[in-house]
Engineer: 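The structure follows.
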There are 2 protein chains.
Amino acid sequence: MSSESSSKSAINEGLYSTFRSLGYDGATLAALSRATGLSKASLYYHFPGGKQEMAATLLRDSVTQLNLLAFKQLNKKKRTANERIQRFLAGFSEYVSHGQENCLAAILVMGGARPLFLSSIKQQTESWLADLTNAYTEAGLSDKKARRKALEMFTSLYGGLCMAQMLDDPKIFQQTVNRLSKDAE
Amino acid sequence: MSSESSSKSAINEGLYSTFRSLGYDGATLAALSRATGLSKASLYYHFPGGKQEMAATLLRDSVTQLNLLAFKQLNKKKRTANERIQRFLAGFSEYVSHGQENCLAAILVMGGARPLFLSSIKQQTESWLADLTNAYTEAGLSDKKARRKALEMFTSLYGGLCMAQMLDDPKIFQQTVNRLSKDAE
DNA sequence: GTCTATATTAAGATAGAC
DNA sequence: GTCTATCTTAATATAGAC
């Protein structure tokens, strides 16, 4: 790991947390500059495409992170289907800091920048849904029931995040995860 | 109904749809002006507090609307508890145009303007949750179970809206409502 | 790679005529 | 009540030195 890549990930960390807490429109270059410790000009050196390229990059990074933490757990064929789902839930929860943060894809798709990112988010969400559906079919459910269960789980996870924001209490999300975890046993 | 009040509601309609589709930060005065057909100066005549007053007003209006369409259905003591919940769900679905629109409170609380509206949204959400919890206790559930069921229903509704946005398909929300409706029977 | 300085455009808001 | 015109500030973006 070179010093270049470690400082690059530090920059991305600052951009990421800014987009997550302020949304796309709220994350001004001034705010992004503050969060990274870099001047606006330096940000443009790293991201010639400006703010849009920054958000697109961080969206890709966050998707990678969520895949690593959660969705890869669904592919461990040596574990039982239920164990895989338990680990998926734990990974998803970790990704959103147990309800304290929100999913960047959800933030971007709900705000004014929706048109910029919709097609990529839609595609990724469909892929996630397919992964989870597949895990349920491997647990013995019919295709139809597996799809339904997968959608219900996603709905509960994102609804839990939304309610945690509206009630300003991450425990709401944690309760949702605990319930899903028990249901999967 | 005077001509004044009818044009006022027309103005609010334009502001409302702009805030819903663009979020607080994305809804610029230029966009709000376009949507209402009024100049910026005229908007300031109606809302001396500027954009923040516009959003606060529309948030209050939308809460009133959601209360009328959905939550008032929970108080009709002449109906059975299950009927009330069915009508609540139908009203909520109507409020969000059956999954085509999103709840303004959710949009505002997820974006960069969160600090401006959080306390009022949190309070309102707690009140909604109490209403729904109450409906479940009247249906015979224990306080604890009623609260859990109410939270689960909210989580599913807002999760359904979120998934509908991410998958760009309002039917996802409609399926969620249909499931909740069947579960309540 | 990072900076200061600056250009350019857009946003929020107001003045004053009608 | 609504407008045009304008002000001020902030946002995105670039130039050019180091």
Engineer: For the pair made of CG in A/L43 and P in D/dT12, what is the distance, rounded to whole Å?
Structural biologist: 11 Å
Engineer: What does B/G26 touch in the nucleic acid at a heavy-atom separation under 4.0 angstrom: a base, only the sugar-phosphate, or nothing?
Structural biologist: nothing
Engineer: Mind checking ring pair (Phe, Tyr, Trp, His ring centres under 6.0 Å) for A/F117 and listing every partner two or more places apart, or none if nothing turns up?
Structural biologist: A/Y24
Engineer: What residue pairs, at least two apart or across chains, pass ring pair (Phe, Tyr, Trp, His ring centres under 6.0 Å) with a residue in residues 58-112 of chain A?
Structural biologist: A/F71-A/F88, A/F71-A/W128, A/F92-A/Y158
Engineer: Could you write out each protein N or O paired with an N or O of nucleotides 12-15 of chain C at a distance under 3.5 Å?
Structural biologist:
unit_1 : atom_1 : unit_2 : atom_2 : d
C/dG12 : OP1    : B/K51  : NZ     : 2.6
C/dG12 : OP2    : B/L29  : N      : 2.6
C/dA13 : OP2    : B/Y44  : OH     : 2.6
C/dA13 : O5'    : B/Y44  : OH     : 2.9

Engineer: Determine whether a donor-acceptor pair (N or O, by modelled atom type, separation under 3.5 Å) exists between the side chain of B/S156 and the backbone of B/M153.
Structural biologist: no
Engineer: Just the rounded figure in Å: distance from P of D/dA17 to OH of A/Y45.
Structural biologist: 18 Å
Engineer: Closer than 4.0 Å, any side-chain N/O of A/S42 to the OP1 or OP2 of C/dT2?
Structural biologist: no
Engineer: Among pairs that include at least one residue of residues 39-70 of chain A, which meet ring pair (Phe, Tyr, Trp, His ring centres under 6.0 Å), considering only residues two or more places apart or in two chains?
Structural biologist: none
Engineer: Sequence neighbours excluded and cut-off under 3.5 Å, please list the side-chain donor-acceptor pairs for residues 54-62 of chain A, or say none.
Structural biologist:
unit_1 : atom_1 : unit_2 : atom_2 : d
A/T57  : OG1    : A/E53  : O      : 2.7
A/D61  : OD2    : A/N12  : ND2    : 3.1
A/S62  : OG     : A/L58  : O      : 3.3
A/S62  : OG     : A/L59  : O      : 2.9

Engineer: Only pairs under 3.5 Å count here: list side-chain donor-acceptor contacts from residues 100-116 of chain A, not counting sequence neighbours, and write none if there are none.
Structural biologist:
unit_1 : atom_1 : unit_2 : atom_2 : d
A/R114 : NH1    : A/V109 : O      : 3.3
A/R114 : NH1    : B/Q165 : O      : 3.0
A/R114 : NH1    : B/Q165 : OE1    : 3.1
A/R114 : NH2    : B/D168 : OD1    : 2.9

Engineer: Between C/dC3, C/dG1, D/dC3, which nucleotide has the shortest distance from any of its atoms to the side chain of B/L38?
Structural biologist: D/dC3
